[in-house]
There are 2 protein chains.
Amino acid sequence: MTETRVERKERTRRAILDAGLALCEDSSLIALSLRQVAKEVGIVPTAFYRHFESIESLGLALVDESFVSLRAMLRDIRQGAPSYADIVDRSVDILAQHVRQERAHFAFIGRERGAGPPQVRDAIHHEIDLCEHELATDLALLPGTESWSAEDLRVLSNLIVTAMVATAERLISAPQPAAEKPITETARTQLRMVLVGALNWRSRT
Amino acid sequence: MTETRVERKERTRRAILDAGLALCEDSSLIALSLRQVAKEVGIVPTAFYRHFESIESLGLALVDESFVSLRAMLRDIRQGAPSYADIVDRSVDILAQHVRQERAHFAFIGRERGAGPPQVRDAIHHEIDLCEHELATDLALLPGTESWSAEDLRVLSNLIVTAMVATAERLISAPQPAAEKPITETARTQLRMVLVGALNWRSRT
DNA sequence: AGTTTGGGTGTACGTGTGTACACCCAAACT
DNA sequence: AGTTTGGGTGTACACACGTACACCCAAACT
């Protein structure tokens with residue numbers, strides 16, 4: 001039971017992050033109080049300040065953490081063979097799987113993206129922009145997009161990300177895991193429609 | 001200065017609705033307090049109950065009101081000739097115009113759709129579902145979709161609505177009206193891409 | 001061994017919150 | 001003319017909030 005000081009601090013910090021994520025799950029960060037978090041963690045309110053200077057900075061830490069989960073998902077998706085064959089099915093499956101496993105993180109992103117303190121909102125939008133940009137460079141490697149302008153790639157990427165964010169949000173508010181299938185099925189069809197649109201883009205002059 | 005009783009009541013009710021909409025603009029309904037609203041309106045807190053039984057029911061009233069604005073937009077969009085020629089440009093223009101004019105209502109929908117009290121969230125999602133359904137029946141009238149299944153129509157409609165909601169949210173968080181052009185331009189391109197996808201859908205067997 | 005450091009504690013404050021209760025008074029009914 | 005109705009008032013309560021301050025004590029340095 002010898003526990004070094006930094007270990008103990010890290011443990012409490014983790015507890016605060018977890019409590020914050022759990023407590024704002026029904027409502028939002030802006031409705032989350034420092035005292036609620038402290039009570040949940042089992043520390044006195046003022047001890048909170050030893051780890052974060054405000055609820056908002058807790059929120060920013062949660063943004064970082066949530067996007068670690070999201071980027072892990074993107075990595076999984078990316079390491080498939082870049083073929084049109086099963087890319088849609090694979091991607092949607094991986095999305096659904098990650099949303100299931102890290103539900104709280106994805107829910108946090110979806111929720112605080114629209115509501116949430118301005119700083120947190122901005123941080124999330126910035127991260128999503130980065131994801132869009134990454135997707136755009138990936139799309140550029142796919143066969144058939146050689147002649148595309150950078151702008152069109154960005155616009156397509158934005159459309160795909162938007163649709164996938166919406167899919168994630170739908171999956172999160174799915175009451176039971178059983179209700180996931182129609183949602184993923186819709187997402188698959190939509191991705192295919194967009195892909196068909198992309199493949200026929202600019203071929204008409 | 002003769003004012004009937006129902007007139008006066010209606011006037012206060014309006015003031016409460018307006019104050020509620022304005023106050024939750026930065027934050028969210030869940031962070032809105034009855035006392036804030038009362039102070040803004042200029043009545044004593046308990047007088048609030050003469051009009052709404054809780055903040056949440058105020059929220060439901062605001063949902064109704066906001067969707068009146070949104071449906072007005074849909075009506076405007078619909079009454080264009082159903083041709084592919086300028087349907088995209090027209091629709092996006094009308095969207096941007098209505099978002100500008102009824103910014104608070106559209107912002108409310110976008111915000112409380114994700115955060116916001118569960119009842120309010122559900123009400124908004126239900127209304128959006130209705131819009132999707134309406135759009136699907138409209139799409140069925142367009143030339144080229146005769147052979148489509150009802151399910152595919154619904155899926156396409158969902159994709160379009162999702163993209164337009166995202167566009168509206170981007171327009172709302174645009175700092176200046178001048179920043180609108182790239183956003184609408186993106187929306188236009190995306191709609192065209194989706195349309196190209198739709199037109200080539202199922203023609204491949 | 002002696003001192004410093006720092007996470008956690010307990011008390012205390014002013015303020016904001018929802019809501020209960022008794023009350024007022026002019027418009028609206030009889 | 002007399003009574004009822006109902007929007008608005010004022011006081012009061014128990015609670016939750018953020019935060020300031022003095023304090024504790026074991027791990028970490030010297």
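Chain naming here is simple, since letters A, B, ... match the order of the sequence lines and numbering starts at 1 in each.
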Exercise. Charged N to carboxylate O under 4.0 angstrom, A:Arg170 versus A:Glu180?
Worked result: no
Problem set entry | Whether A:Ser157 side chain and A:Leu153 backbone form a donor-acceptor pair below 3.5 Å | no
Problem set entry | A:Thr46 side-chain N/O to D:dA20 phosphate OP1/OP2 under 4.0 Å | no
Problem set entry | Separation of atom CD1 in A:Ile16 from atom P in C:dG8, rounded to whole Å | 7 Å
Problem set entry | Base-pairing assignment for C:dT19 (Watson-Crick or G-U wobble, both under 3.5 Å) | D:dA12
Problem set entry | Pairing of A:Arg71 and A:Glu134 as salt bridge, 4.0 angstrom limit | yes
For this session: Nearest whole angstrom, please: distance from the C1' of D:dT5 to the CZ of B:Arg8.
Result: 16 Å
Exercise. Distance-only, no hydrogens or angles: does the B:His126 side chain make a donor-acceptor pair with backbone N or O of B:Asp122 under 3.5 Å?
Worked result: no
Exercise. Quick one: do B:Glu65 and B:Arg14 make a salt bridge, cutoff under 4.0 Å?
Worked result: yes
Exercise. Starting at CD1 of B:Ile43 and ending at P of D:dT9, how long is that distance when rounded to a whole Å?
Worked result: 7 Å
Exercise. Rounded to whole angstrom units, what separation is found between the CD1 atom of B:Ile30 and the P atom of C:dG18?
Worked result: 14 Å
Problem set entry | Atom-to-atom span, CD of B:Glu53 to P of C:dT19 - whole angstrom | 10 Å
For this session: Calculate the interatomic distance between B:Phe52 atom CZ and D:dG7 atom P; express it in whole Å.
Result: 13 Å
For this session: Answer yes or no: is there a donor N or O on one side and an acceptor on the other, between the side chain of B:Gln190 and the main chain of A:Val155, under 3.5 Å?
Result: yes
For this session: Please state how far atom CD1 in B:Ile55 lies from atom C1' in C:dG18, giving the value in whole angstrom units.
Result: 10 Å
For this session: Encode nucleotides 23-30 of chain D as B, S and - characters from 5' to 3', where the letter depends on protein heavy atoms closer than 4.0 Å: B to the base, S only to sugar-phosphate, - to neither.
Result: ---BBS--
Problem set entry | Rounded interatomic separation in angstrom, taking OH from A:Tyr49 and C1' from C:dG6 | 18 Å
Polar atoms only, N or O, under 3.5 Å: list the protein pairs with nucleotides 13-17 of chain D and their distances.
from	atom 1	to	atom 2	distance (Å)
D:dC17	OP1	A:Ser33	OG	2.6

Problem set entry | Residues A:Arg113 and B:Glu169 bridged, charged N to O under 4.0 Å | yes
Problem set entry | Base partner of C:dC25, which must satisfy Watson-Crick or wobble distances under 3.5 Å | D:dG6
Seminar exercise, completed: Among the nucleotides C:dG7, D:dG8, C:dT19, whichever has the atom closest to the side chain of A:His51 is C:dG7
For this session: Could you tell me which residues satisfy salt bridge (Lys or Arg N to Asp or Glu O under 4.0 Å) with A:Asp93, sequence neighbours excluded, listed by chain and number?
Result: A:Arg188
For this session: Evaluate the criterion salt bridge (Lys or Arg N to Asp or Glu O under 4.0 Å) for residue pair B:Arg192 and B:Asp89; output intermediate values, then yes/no.
Result: CA-CA 10 Å; B:Arg192 279 201 201 90; B:Asp89 287 341; 2.9 Å; yes
